[in-house]
Every structure is written in C-alpha cells, then in structure tokens.
Amino acid sequence: MERAVVQITLFGLLLALATTQPNKGNWDIYSFHINSTVTSRYATTVITSRVANRMDESKEIEFHVRIPKNAFISKFRMFIDGQVYDGAVKGKEKAQQQYTEAVSRGQSAGLVSSVGRTLEEFKTSVTVAAHKKVTFELTYEELLKRRLGKYELQIHARPMQPVKDFKVDVQIKEKAGINFLEVNGGLSTNAVASAITKTQVDKQAWVYFYPTEDQQKTCDSCGEEGMNGDLVIVYDVNRNSLLGDIKKSDGYFVHHFAPSGLVSIPKNVVFVIDQSGSMYGKKIQQTRKALFHILNDLAVDDHFGLITFDSSIVHWKRELVQANEGNLQSAKTFASNIHERGSTDINKAVLEGTRMLNAHPREGSASILILLTDGDPTSGVTNLQLIHSNVRGAIADKFPLYCLGFGFDVNFEFLETMSLQNNGVARRIYEDSDADLQLKGFYEEVATPLLTDVTMIYNGGTNLTQTSFSQYYNGSEIVVAGQITDNDIETFDPQVVAISRNRRVMFNETNATVESNGTVSDSHIQRVWAYLTVKQLLEKELVLSGSEKDKVKKQALELSLKYSFVTPLTSMVVTKPQGEDSDVLHKPKEGGAPDMSSHQDFSGRRSHSLHTPQFHMPAASYPASYGLPAEGTPGGKYFWYGDVWFCSNASCGYVRIWLSINTKIPLILCIIIVYNLCCANVFTDVVLGTHMHLSPDKPPTIVTFSARPAPLSHRFLLKTENLSLPLCFDVTGEVHLRLLHHPNRELYVSGNLDSVENGGFRRIDIQLKADLFVEVETKEITVREGQTLTRHTGHYPDVITAGSLTVIRRDKEIDIAAGDTRMVILIHEKDGEEFLWPVLRLKTLDNNVSGILALKPAAYEEVQQSPSTRLKSKDQEIDVTRASAVDYTIVSSPTHDCWLMSAESALQRPLDDFIL
C-alpha cells in the first residue's frame, strides 16, 4: 500500500512540473546588471546578479557567467543575509593545497573555467536558506586591443533565465575624443535591437541595453532560458598627434602610439603550410580557401613564397617572387592542389621559410614568416627545445614569426613560445565553419606594415613595459606604460624612433603635452601598468629558463597578488558560509582542456552530477559500474514509475534515479523530482543506461556511498631499450586519457582510468572515421556503426567485424585490428574487480601517430647517484626515486623496479596534452 501511495505522489508531482521551466520554481534571478566603464581603452566590468530562493527549503544557487579571455578577474564577492563573503587571490600552490585538502575529505572544491574562442567561464554556487536572497558580484579588467582600426568591448549575457530587471550599462571615456561608435553582436539584431540606446557626446559615449522579459526569449540566440549571446561595442578614438596619447597619474603613465597617414611598406612574406595527414578533410579545405583570399590581397610591390610540408618540403617556387598577376594565378593553382599526407617536420619547414626570406633582402621592405600547423613535430627534429633553438638562431631577430595553431590537438604552448622568441604572436584557429575567415582575418592584421624597428624612448621614465617592437601595422596600436622618475613631469621626455621604408623617422613633438588625470582616476593608470606588466612577464616566462625564468615568474606572481589579478600564477579562493566547500578559480591556459563538468560520450549520452561539479563518466551498462556494489541496502525504499527507478536510502543518505534510455519522461523532470523521503543530507545522482533491463519486479543494484575517497593514483611504465630500469610515473584520478591518434586512418583511441588503485582502465573508446564507434568494457563490447547499435556479451571467442575494424573477444583479452595497426586489450583482476589494459602490438610505420600507446622507448643516463639519484634525458636533468610498478602489458602482470618521476618529466611534455 505504501508503495502505491508513493507512486501516485510521484506521478502527481511529475504532472505538476510538466509545464514548469527549469529553475523557475526553485530560485529566481530578479536582477542582473552588467556595468562596464572604459577609460582610455581600459575596461572595468562588474556583473551583479541578485537571486532569491522562493522555496520553503534551502537551495543550492549557481552563479555562472562568461568573460573575455584577455581579462583578469580582480574581485568576487557574495552578499548573503547581511554578510559579505569575499574571494581571496592566492598563489597557485597555496590555493591548490586548499583544493587538494578539500578533495581528500571528499568535498567538491574544484572550479576550473573552460576555454572557448573568445570567452572563459566563471561559475560557483552557494546554498541559500528558504525565502532568502543572495547577491553575486564579479569584477574583471582588460586592456582593449586595437585591431584593424577599432577597439572591441565584448559583453556576454547569459543569466540562464529571463530576468525582470536586466540591464547592460557601458560608459566610454576617451579624452582624445571618440571617432565612431557601433554596437554589434548577436544581441544587437532583430527582436532586441530596439532595446539598445546609444549616446555620444565628444569625449564620452554611453550604450544602454534594457531588454524586456519577452525580448530576452525571442532574440536569435535566446529561448525560454533567457539571454545567451554577445553585445560587442566597437569604437575608435581621434588621433591628432603622431606621437599619440600620453596620460599620467600619481607617478604612472600610459602611452598609446598609433600614428596615421604613414606610407605602407612593401613586404616579403612566406607562408609555411602543414599538409600532414592530420590536416585531412575540412582543415585542408579551409586552408586552401583562406590562401585564395590572402593571395588576392597581396599588393603588386609585395614579394611572396609558398611552401607546404609533411615529412618533406614541397616548394611552389624556391625563391620569393613579385605578387604580379601571373605569379598569383600560378600560386592559386599550387594552393588548389595541396593535399594531406605523411608526418610533420616543423623544424625543416620553418628553417626553409627562414632561408627564403634571408636570401631575399630588399631595402625598405618588411619580412614576415607565417606558419600554419595543426600538430606536433613527428619527424625530423622532434625535440621541442632544439626546434626553438634552431629557429631562433636562423631568424636572429631579423623578422617576426607568426604561428597559427589549427584545432585543439595542436601543442599551442610550443607554437606560442616559438612565436614570442621571434617577435611574433601565436593565434589559435578554431575548427569552425569560418576557419578560413579566421585565417584571412589574422593575415589582414599584418598585411600592411607601416614601421619597422620601433623603439619607444622615455627619458625620465622607469619600470617600463616592452619598448622595442619589430613592426607596427596599420590599424594596430603600441601601448607602453611605466613610472615617471620621482614623479617629475618636467624631466619626462617621450619619443619614438623607427624605420619607415628606407629612412629613419622620429616622433618627438616638442609641443606635445602629457595629460594629467584627476584624483578620481589615480589608480586607473597604475592598474593599466600592472595589467600590461603582468601580461608581458607571463610571456617572458614562457621563453626564459633557469634563474631568469624564476625571477620573472616571481615578479609576475608578486604583481598579480598585489593587484588581485587571477592569472596563470594565482587562483581565487571563493569564500562561502561556514559548512560549505570553498571553490578555487583558476585562470585557464590557452589550449587547455575544456570544462569537464558535463561530458558527452560517443553515443550521445550525457551525464551530470547534480550535487557536485566533479566529473563522472556516463554509466554505460549498470549502476554497479560505479563500483562498491551491494545487492539492496537495509532501510532503502524503491519506487517504480514507467521506465524510471527511484531509490531513497535511509542508511547512507542519498537518492538515486535509474533512467532507461527509452523512457517517455524527460530527463530534466526526473532530475527535478529527486528528493529524499528518509534523510536530511542527500547525495543525488542520475544514471542513464542505454541497455538496462528495468522492470517493476526487480530493482537495480544499489550502490552505496559514505564519502568520496581521495583521488587514486595509477602507475604507468615507460620502457627503455638497453637500460637497466624502465621509467615510471603516476596519473592521479579517474581521468580520460588520449591513448592513440592515427590521423591518416582517422583512428582515435581513448580510455577512462578505473577506480582500482594502481590499476588500469574501466573503458576503452575507439572511433574509426566519422561513423564507427566501439566501447570496450570488461563484460561487454558496444558497436555503433552509423545508426546501428549492437552489443556483444556472448560466448568466447566472439569475432566482430565493423567496416575495416575487426574485434576478436576472448576470455581475458580483446584483439583489435584496423589496417596496419593492431592493439590487444588485456583484462586483469585486482581485489575482485576487473579492469582493462591496452597494448599496441603492431605499430604503423607512419610517424604521425600520437598518444600514450605510441610513445617511443625512453632514453636516459645516470648523472648523479648521491645524495639522490638524478637522470639526464633530452638535455633535462631530473631527480628520481627508485620504486616499483606492475607491468600490465603482460598477462602474468610481473612487478618491476623503476625510476619514479613526474609524468611531465617522463613524457617530456605536460600531462594535460594526453588528457581529454
């Protein structure tokens, strides 16, 4: 009888919620304001969200916003019931220690932002009592960069629901005067365009964006969950002085230099294009398309060269030629025939491009080298430090190198370092439909050099930011900040020396004035200096080594802490009321892994953990795949409705839903109705299984949790040739590792580490081309070919053929063959739990294969044995300790002694490069 009553209650609750939008009945954002003030190109933006808990019980309320990637968060606070909770910026190590301690206690302390094309995410949450309110306030700062003759202030609005009091206020103050003002972005069109008001009066401008609740639902990128789009304010300033704008305040100055009316300089440009196998498909098509655009934009007095590379180099012409009509048509024909193949020899290609420029000196011209690649060097010289050294020596500061990294697989830090070492910049090209326009857009930024060898001189100035620039391009801007010695404006004398075509020019207007700001802006100029200094120190830290690197890193850290900037060296600890976990906000590194709080696997299933932001892989078969199985739990209650099982467990304090993939009940409604009938403190989880056979007669296996254990370590062996001991390293946590990538065969293999300590993998995922997916688990193999899904759990041996992939399932191993690549997945057992371990048995001869399984045997030499052991590998000395590791590549699983070191040292690159 009790069970029937509960089922009726749940059914009634489902009906009641069927027409309710997410969050509406839980918490209400009644005010959402974005206030941005731009003073002399430096923007300070404050996002304020006021939220009320309308429920009769406490609720966890989330604050989730997106900010520009170029910005530094400088302040975060929460106002709850008369109390203020401020975030504190700490050194990365101290914040990480707090994070690690919280994780070891089973708490959810991690908060890592994701990286998008132009935005980063900030999110945190806090529990708010019934009928109480919370105010979130986030401040971030950025120096707007001038590109193609304009500054852009990007504001992303995404409050997650329509808001009654929604406002965006932007004020721009420029003493030089505002030349033009536009409002662009997805939130400036169609239904919401009428919500924008622009006002401009000489040196100031205001933009107001006040959409109604209805408008927040009907714009191009909006819906029932409210606004989700960008507002982009575009403007430029008047330029009355060739020397530019110089402003000073309280002993600091900032100089914006962007002279107009200069004659363009002819350029010599060499394009070095990666055509290795990993450029297959859309990448190479978009590259060809972009090259056509770029070739059309070359001026007749430009000279250019074009080479493509894989493991070898293909020249269009061995020397630079003039950009006349005949040569351009020939180059287009060459570009149209670029096809992907082979491995990647970046060292040889860049050195050849350098040779071509060095062999073509032209007085009064500017030389530029542009590299486009999507991968790591896999043939020729593959040591990254040696490539950097070779390229730096060949270029010798004669011209800039610009590196364009195509896609997320590229080692962006390698490209960024190489660019910075050679007076250039690196830019990521995203694999979107407009990638060809991204390439063209970058070229346009460097298409018109106006000055070379630019030197900024400040007599009476000290603590200056960068003052030497290889080139100045039309539409850009050079910004220098510093301190005025003894705050004596009388002795402060700025001037600029540069080369224009073939003559030396100097900008030092004797009647130029240095504007002085009032006391209101005293800290503004100083913060511009701090922002710019930290940015440039972080760039220097990338290219330096040894004591110089440590010194620069220390300076950047000290400034970041002094000015409360969240940078790659600092983190913000988000303070919360007593009893709640503090979050740790990191500044993500360009090219880092995306946010993993929500993961979608090959089959399109999505798994969310509702109580904690920690990442869980989807349960592919049974709830027991989470580990710690128990057949029923004393005191637990089971409720069945349709294709959904609900379980409330009084003894361990959690509620769990098992949801069949065929259920007619939307997942979001099932999440909403989770509640506990027996416990006060509830852990909530949702398990989505595509082939669970649920019935009202037999409840699913119950999994109990008392507390989350500390992250487990998994030890890997890196074997050697002709050396006494292999290397070993640990990987901590249930992470998703990139095991094998064979781009020429479009073969991708990845694996999820198991919960077995020092064990292996719980699942191996294999993708072949675009439509064949195989998931290997200890008890089952799932194959999805196109729209056909099959599962294999039968007797052994079991031969599975799908496309060009063959899988043979035996008792304790799975044999997988795809062309010239063969892999065996061994099934081991430890403490009663089975796990997987992949072994690459037949490796392709293609050097373009990457991943943990494709690592070459390690080579090292012992350089010290006392007081501690030190090994030397690839010019790097590493402290090691003697340890032991199980060799799971062998059926018998023998234990070997090994030299234990960090994963980064063993792999000779960051572990993050192998984590999905």
Kindly indicate whether the side chain of F442, heavy atoms from C-beta on, has any atom under 4.5 Å from the side chain of Y402.
yes
Is it the case that over 12 heavy atoms from other parts of the model lie below 6.0 angstrom from the NZ atom of K553?
no
Under 4.5 Å between any side-chain heavy atoms of W529 and L559, yes or no?
yes
One should read off an interatomic distance between N179 CG and Q200 CD, to the nearest 0.5 angstrom, of 8.5 Å
State, yes or no, whether a side-chain contact exists between V534 and L532 at a heavy-atom distance under 4.5 Å.
no
About how many Å separate CG of D488 and CD1 of I484, when rounded to the nearest 0.5 Å?
8.5 Å
How many angstroms lie between CG in L464 and CD1 in I457, if you round to the nearest 0.5 Å?
11.0 Å
Does the pair D236/K150 count as a salt bridge with the N-to-O cut at 4.0 Å?
no
Salt bridge check, E444 against R147: does any charged N sit closer than 4.0 Å to a carboxylate O?
no
Check P449 against A447 and note the closest heavy-atom contact, atom names and distance.
CD-O, 3.4 Å
Taking the side chain as everything from C-beta on, heavy atoms only, tell me whether L231 gets closer than 4.5 Å to I196.
yes
What verdict does the side chain to side chain donor-acceptor pair (under 3.5 Å) test give for S470 and N423, after you've listed the backbone C-alpha separation in whole Å, the side-chain angles of each residue and the deciding distance to 0.1 Å?
CA-CA 6 Å; S470 62; N423 302 306; 5.1 Å; no
Exercise: do T448 and N474 side chains pair donor with acceptor under 3.5 Å
no
As a quick check of understanding, evaluate side chain to side chain donor-acceptor pair (under 3.5 Å) for T44 and E142, giving each step before the final call.
CA-CA 7 Å; T44 301; E142 61 176 325; over 6 Å; no
State, yes or no, whether a side-chain contact exists between S249 and Q526 at a heavy-atom distance under 4.5 Å.
no
Exam field: side chain K535 to backbone N70, donor-acceptor pair closer than 3.5 Å
yes
Would you check if the side chain of Q161 reaches a backbone N or O of I29 as a donor-acceptor pair within less than 3.5 Å?
yes
So which heavy atom on F209 is nearest to which on V192, and how close?
CE1-O, 3.9 Å
Quick check: are there more than 12 heavy atoms from other residues, nucleotides or ligands sitting under 6.0 Å from CG of N487?
yes
Sidechain-backbone polar pair: E121 side chain, H64 backbone, donor-acceptor under 3.5 Å
no
Identify the two heavy atoms, one from F72 and one from L538, that lie closest to each other, and give their separation to 0.1 Å.
CZ-CD1, 4.5 Å
Taking the six-membered ring of Y30 as reference, does the cationic atom of K133 (NZ for Lys, CZ for Arg) lie under 6.0 Å from its centre and within 45° of its axis?
yes
K92 backbone acceptor or donor facing T570 side chain under 3.5 Å:
no
Can you find a pair of side-chain heavy atoms, one from Q154 and one from L119, that are under 4.5 Å apart?
yes
Measure from the side-chain N and O atoms of H33 to the backbone N and O of F166, and report whether any donor-acceptor pair falls under 3.5 Å.
no
Output, in order, the C-alpha distance, side-chain angles, deciding distance and verdict of side chain to side chain donor-acceptor pair (under 3.5 Å) for S74 and S564.
CA-CA 5 Å; S74 56; S564 295; over 6 Å; no
Geometric class of the F63/F136 ring pair [parallel <30°, tilted 30-60°, perpendicular >60°]
parallel
Parallel, tilted or perpendicular: rings of Y563 and F565 (30°, 60°)
parallel
S36 (side chain) donor-acceptor with T45 (main chain) under 3.5 angstrom
no
Determine, stepwise, if the pair K540 / V552 fulfils side-chain contact (heavy atoms from CB on, under 4.5 Å).
CA-CA 7 Å; K540 282 185 181 179; V552 166; 4.0 Å; yes
Less than 6.0 angstrom separating the ring centers of Y458 and F253, yes or no?
yes
For the backbone of Y151 and the side chain of R146, can you confirm whether one donor and one acceptor N or O come within less than 3.5 Å of each other?
no
Would you say that more than 12 heavy atoms from the other residues, nucleotides or ligands in this model lie under 6.0 Å from the NZ of K198, or not?
yes
Can you give me the closest heavy-atom contact between A176 and N240, atom names plus distance?
O-ND2, 4.5 Å
Run the numbers on Y235 and F180 for ring-ring contact (aromatic ring centres under 6.0 Å, His included), then give the verdict.
CA-CA 5 Å; Y235 77 96; F180 73 89; 7.9 Å; no
Under 4.0 Å between a Lys/Arg side-chain N and an Asp/Glu carboxylate O for R427 and E416?
no
Y252 versus N463, side-chain donor and acceptor atoms under 3.5 Å
no
With a 3.5 Å distance limit and no angle check, can you tell me whether E141 reaches the backbone of Y42 through a side-chain donor-acceptor pair?
no
Residue from I61, T127, V134 passing side-chain contact (heavy atoms from CB on, under 4.5 Å) with I80:
V134
With rounding to the nearest 0.5 Å, note down the distance linking CD in E137 to OG1 in T48.
4.5 Å
Is it the case that the side chains of T39 and Q171 hold a donor-acceptor pair, with the cut-off being a distance below 3.5 Å and no angle test?
no
Could E120 and K69 be called an ion pair, given the rule that one side-chain N must be under 4.0 Å from one carboxylate O?
no
Identify the heavy atoms of K175 and K203 that sit nearest to each other, and give their distance.
O-CE, 3.2 Å
Euclidean distance, H256 NE2 relative to R41 CZ, rounded to 0.5 Å
4.5 Å
Check: E60/S125 side-chain N/O donor and acceptor closer than 3.5 Å
yes
Distance-only side-chain donor-acceptor flag, Q471 / Y473, under 3.5 Å:
yes
Check the pair V566 / V89 against side-chain contact (heavy atoms from CB on, under 4.5 Å), numbers first and verdict last.
CA-CA 7 Å; V566 178; V89 176; 4.1 Å; yes
Cation-aromatic face contact K75/Y140, 6.0 Å, 45 degrees:
no
Measuring from K587:NZ to M572:CE, what's the distance to the nearest 0.5 Å?
12.0 Å
So H255 and D245, do their side chains get closer than 4.5 Å, heavy atoms only?
no
Hey, does the side chain of N53 reach the backbone of M55 with a donor-acceptor pair shorter than 3.5 angstrom?
yes
G185 and V232 have their tightest heavy-atom pair at CA-CG2, 4.2 Å
Measure the shortest side-chain to side-chain distance between M456 and F257 over non-hydrogen atoms and say whether it is less than 4.5 angstrom.
yes
H293 side chain to L439 backbone, donor-acceptor under 3.5 Å
no
